[in-house]
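Quick notes on the structure that follows.
Everything numeric in this text was worked out from a predicted model, so none of it was measured. Reminder, nothing fancy here: chain letters follow the sequence lines and each chain counts from 1.
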Number of protein chains: 2
Amino acid sequence: MENVRNMFQIMSRNFGLLSEQCCDSCCGQEVSLVQSHILYEINRQHNPSMQDIAVALGMDITTFSRQVKTLTDKGFIKKSPHPSDQRITILSLTPEGLTVENAINLTVNTQLNGVLSTMSEFERETVLRSIQLFNDAMKRSATCCVPPK
Amino acid sequence: MENVRNMFQIMSRNFGLLSEQCCDSCCGQEVSLVQSHILYEINRQHNPSMQDIAVALGMDITTFSRQVKTLTDKGFIKKSPHPSDQRITILSLTPEGLTVENAINLTVNTQLNGVLSTMSEFERETVLRSIQLFNDAMKRSATCCVPPK
DNA sequence: ACTATATACTTGCATAATGCAAATAAATTT
DNA sequence: AAATTTATTTGCATTATGCAAGTATATAGT
């Protein structure tokens, strides 16, 4: 069994650092890295509930609840009642929140494309396809993240 | 410019969640995720100083200093003076620290190989090569993580 | 319909993590 | 030998975290 963790660890760390710097450079004090993840995920999902986002991000729901409060106070997300279930809160980005999310998105994409631009067209294609492939495999694998033996 | 951030964001998140669960399942309360990153990096580098590890992980040196204290108290890392410069502290894993690091490493590798096992041999090869390629490109790119424009 | 149970979210509280400013200590420069 | 730089630590205030308990709404069992 080869040590494949190394590669993922390094990649993940580098991407994390890149994201953090991007988040800083375009939003300054406005949003933290975890908050940017929340904006990202709310933007991705369709009419998500609090639970939906918290689970997707693997966050404790109580911590998440407080972050949502912070982001609501900052005017980046809006809480709406679910039409048929009063317990559920639906989350959405405000126009300001969307602006922030788009800014981060643009900044990260610019950085990533800069990195990718040092590769050949073929390599670039392969890398992107590979990541997609791996993400699909992650999703498929139900045994993922379960303690072994 | 295509949205390549999505793929990296998802991959990075999934790997983060996987790592966290692995860290939990083999070390329980012993070490947090960030602490596992510290052990990982100390194990990777050759006679690293505090600075070396903090910079590698993108951590604030003061936060790092405290985490090192915690890990030293837990008996997982050892601080030694630099032979010729008394300002510098050299970090190393204790036998117990190495045991923990190896346990996490094994657990993460097992999980990852589980995920990879759902692919064809060819795909697996391609994915691993691609990640290596991307990591190399990251390292090459000096403009990485600098605000655009 | 009525109680019991489950679900979604919030709040209390204690702890851990974070980072800036300042302190200490040991090189290095001038 | 004083001034400056480098490496690490500590003070302090802020933020983040998560368990336990609380509130409110929905669903199930009788």
Tabulate below the donor-acceptor pairs under 3.5 Å that side-chain atoms of residues 36-44 of chain A make, not counting sequence neighbours, or state none.
{"residue": "A:Ser36", "atom": "OG", "partner": "A:Leu33", "partner atom": "O", "Å": "2.6"}
{"residue": "A:His37", "atom": "ND1", "partner": "B:Gln9", "partner atom": "NE2", "Å": "2.8"}
{"residue": "A:Tyr40", "atom": "OH", "partner": "B:Asn6", "partner atom": "OD1", "Å": "2.8"}
{"residue": "A:Glu41", "atom": "OE1", "partner": "A:Arg44", "partner atom": "NE", "Å": "3.4"}
{"residue": "A:Glu41", "atom": "OE1", "partner": "B:Arg13", "partner atom": "NH1", "Å": "3.1"}
{"residue": "A:Glu41", "atom": "OE1", "partner": "B:Arg13", "partner atom": "NH2", "Å": "2.6"}
{"residue": "A:Glu41", "atom": "OE2", "partner": "A:Gln45", "partner atom": "NE2", "Å": "2.9"}

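- The side chain to side chain contact (heavy atoms under 4.5 Å, CB included) check on B:Ser84 picks up B:His82, with sequence neighbours excluded.
- Contacts of A:Thr99 classified as side chain to side chain contact (heavy atoms under 4.5 Å, CB included), with partners at least two apart in sequence or in another chain: none.
- Residue pairs meeting the salt bridge (Lys or Arg N to Asp or Glu O under 4.0 Å) criterion with at least one member in residues 126-136 of chain B: none, sequence neighbours excluded.
- Applying the salt bridge (Lys or Arg N to Asp or Glu O under 4.0 Å) test to residues at least two apart or on different chains, the pairs with a partner in residues 51-69 of chain B are B:Lys69-B:Asp73.
- Contacts classified as ring pair (Phe, Tyr, Trp, His ring centres under 6.0 Å) and involving residues 10-32 of chain A (residues at least two apart or in different chains) are given here: A:Phe15-B:Phe8.
- Here the side chain of A:Ser130 pairs a donor or acceptor atom with the backbone of A:Thr126 at under 3.5 angstrom.
- If you find the closest nucleotide of DNA chain D to A:Gln86 and to B:Phe64, the one lying nearer the 5' end belongs to B:Phe64.
- With a cutoff of under 4.0 Å to any heavy atom of chain A, the contacted region of DNA chain D is bounded 5' to 3' by D:dA16 to D:dA26.
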Show every donor-acceptor pair shorter than 3.5 Å between a side-chain atom in residues 74-81 of chain B and any protein atom, with sequence neighbours excluded, or say none if there are none.
{"residue": "B:Lys74", "atom": "NZ", "partner": "B:Glu30", "partner atom": "O", "Å": "2.8"}
{"residue": "B:Lys78", "atom": "NZ", "partner": "B:Ser80", "partner atom": "OG", "Å": "3.4"}

Inset, instruction - Go along nucleotides 8-20 of chain C 5' to 3' and tag each nucleotide: B for a protein heavy atom under 4.0 Å from its base, S when only backbone or sugar atoms are that close, - otherwise. - result: SSBBBB---SBBB

